[in-house]
Amino acid sequence: MIAPNFKYHAPMNLQDVFALMSEFGSDAKLLAGGHSLLPMMKFRFAEPAHLIDLGNVEGLKGIEVTEESLTIGAMTSENDLLRYPDMINICPLLDKAVRLIADPQIRNRGTIGGDIAHGDPANDQPSIMLALDATFVLSSSSGNRKLKADQFFIGTYETALQSGELLSKIIIPRAATKKRYGFRKLKRKTGDFATAACALTLTLEGKQCRDVRIALTNLGPKSFRAERAEWLLNSQPLSDDSINAAIHLAMEDCEPAEDQRGNSEYKIKMAGEMLKRALSDAIA
Ligand SMILES: Cc1cc2nc3c(=O)[nH]c(=O)nc-3n(C[C@H](O)[C@H](O)[C@H](O)COP(=O)(O)OP(=O)(O)OC[C@H]3O[C@@H](n4cnc5c(N)ncnc54)[C@H](O)[C@@H]3O)c2cc1C
């Protein structure tokens, strides 16, 4: 419950954030919504000597919608995403899935950027971003670079963010937001992390799926795409056999950690079930 002592910094602009990151290096942690970092500090799993609060930093919050893309500032809260006018039509997958993240209080504080940058395989935004083919803008004192969600997640709590870099924006192509989608999450109770979850997008031409993207949550050391299942669905007309074969391949790709949510066998079966239901929502 009692976090260790730390020095608090509240910079107003990105240049000051970068200066603080460079001054304190690995002794400092960025603070976004605080709903993963502060719990870890209270258990003393993380003991940063400096916290750099991003809450007042200009330009990190907000949503911009154009014909081409949906651009979301990393410090935009989960509830800000849900409150954005017409999000249900702009990006129905995001609207549906974000409602199932944590609870209302946590969604008021927790940010989309923090959820992605934390690198927790149990978090939902990584899979949502993989399914939506998002691109992340990573910023540092030397400028910005763009990285696809596919390249960002490396392992448990490990991402492609380099020292001195932060996630500043998330860009989702509008074409992806208009696709058919499915999202299913099995959890023990409201506010819990997934036992198994699946986010997917696809287009359908008659009985043929195109551009299928299937992402699985909490079923391995990181959120990942079930690429062999995608390939199978893209290469054969939809049938009970092709769907079952794709589900089987996705299940083979799962390596869940055993914990209080279940053993590996149970979680893998639930991965298959979440994929089956998400797929049936998408093709209905
Ligand atoms: C009870 C409970 C239930 C939850 N259930 C779910 C759930 O079902 N699904 C889910 O997805 N999440 C869940 N969460 C996690 C919650 O969504 C967190 O808010 C989220 O994981 C982290 O976002 P944050 O803004 O709070 O980040 P913080 O806790 O402030 O930061 C998390 C980490 O990311 C780093 N970071 C933050 N922002 C940036 C940035 N812009 N660039 C680089 N690094 C950054 C921080 O330095 C820190 O290491 C739950 C949390 C709790 C306490």
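Scope of the values below: all heavy atoms of this structure, side chains included, with no hydrogens, waters or symmetry mates. Indexing begins at 1, ligand by ligand and atom by atom, following the structure's order.
- In terms of N/O distances under 3.5 Å, ligand 1 is not approached by Leu38.
- Between Gln125 and ligand 1, no N or O atom pair is found at a separation short of 3.5 Å.
- Taking a cutoff of 4.0 Å between a charged side-chain nitrogen and a carboxylate oxygen, Asp80 and Lys61 do not qualify as a salt bridge.
- Distance from atom 39 (C) of ligand 1 to its nearest protein heavy atom, with residue and atom name: Ala117 CB, 3.9 Å.
- Interatomic distance, Leu238 CG to Leu279 CG, rounded to the nearest 0.5 Å: 7.0 Å.
- Shortest contact from atom 32 (C) of ligand 1 to any protein heavy atom: His118 ND1, 3.7 Å.
- Using a cutoff of 4.0 Å between basic side-chain nitrogens and carboxylate oxygens, Lys7 and Asp27 are not scored as salt-bridged.
- Checked for salt-bridge contact, Glu273 and Lys269 miss the test: no charged N lies under 4.0 Å from a carboxylate O.
- Cluster annotation: Leu54 is not connected to Leu38 through the hydrophobic network of ILVMFWY side chains, with a link wherever side-chain heavy atoms come within less than 4.5 Å.
- Residue-level proximity to ligand 1 for Leu60 is absent, since no heavy atom of it falls below 4.0 angstrom.
- At a heavy-atom cutoff of 4.0 Å, ligand 1 is contacted by the side chain of Lys185 but not by its backbone.
- Among protein heavy atoms, the minimum distance from atom 49 (O) of ligand 1 is reached at Lys29 NZ, 3.4 Å.
- Annotation: atom 38 (N) of ligand 1 to nearest protein heavy atom, Ala32 CB, 3.4 Å.
- Atoms of ligand 1 lying under 4.0 Å from any heavy atom of Asp192, numbered from 1 in the order shown and given with element: 8 (O).
- Nearest to atom 18 (C) of ligand 1 among the protein's heavy atoms is Ser36 OG, 3.4 Å.
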CA sep, side-chain torsions, deciding dist, call: Phe6, His50, ring pair (Phe, Tyr, Trp, His ring centres under 6.0 Å): CA-CA 5 Å; Phe6 58 85; His50 298 268; 9.4 Å; no
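- For the pair Asp124 and Lys185, the minimum side-chain heavy-atom distance is below 4.5 Å.
- Note on Leu167: it does not cluster hydrophobically with Val57, by side-chain heavy-atom contacts below 4.5 Å among ILVMFWY residues.
- The nearest protein atom to atom 1 (C) of ligand 1, hydrogens excluded, is given as Ile106 CD1, 3.6 Å; this is a heavy-atom distance.
- Every atom of ligand 1 is numbered from 1 in the order shown, and the set under 4.0 Å from a heavy atom of Gly110 is 19 (O), 25 (O), 26 (O).
- Any N or O atom pair closer than 3.5 Å counts here, and Glu78 shares no such pair with ligand 1.
- Counting heavy atoms closer than 4.0 Å to ligand 1, residue Ala74 contributes side-chain atoms (C-beta onward) but none from N, CA, C or O.
- Here Asp95 pairs with Arg99 in a salt bridge; the nearest charged N to carboxylate O distance falls below 4.0 Å.
- In this structure, Glu78 and Gln125 have side chains that are in contact, with non-hydrogen atoms separated by less than 4.5 Å.
- Looking at Arg109 next to ligand 1, no N or O pair under 3.5 Å apart turns up.
- Interface of Thr111 with ligand 1, defined as ligand atoms under 4.0 Å from a residue heavy atom, comprises 23 (O), 24 (P), 25 (O).
- Near Leu161, meaning under 4.0 Å from one of its heavy atoms, ligand 1 places the atoms 43 (C).
- Nearest protein heavy-atom contact of atom 42 (N) of ligand 1 is Leu167 N, 2.9 Å.
- Residue Gly33 places at least one N or O, backbone or side chain, under 3.5 Å from an N or O of ligand 1.
- Considering backbone and side-chain N/O atoms, Asn123 comes within less than 3.5 Å of an N/O atom of ligand 1.
- Nearest protein heavy-atom neighbour of atom 46 (C) of ligand 1: Leu30 O, 3.0 Å.
- Following chains of ILVMFWY side-chain contacts shorter than 4.5 Å, one cannot reach Leu202 starting from Leu130, and the two form parts of different hydrophobic clusters.
- Leu132 and Leu100 fall within a single hydrophobic cluster, where Ile, Leu, Val, Met, Phe, Trp and Tyr side chains are chained together by heavy-atom contacts under 4.5 Å.
- When each atom of ligand 1 is checked for a heavy atom of Gly114 under 4.0 Å away, the hits are 22 (C), 23 (O), 24 (P), 25 (O), 27 (O), 34 (O), 37 (C), 38 (N).
- Taking CZ of Arg213 as the reference point, atom NZ of Lys179 lies at 7.5 Å (rounded to 0.5 Å).
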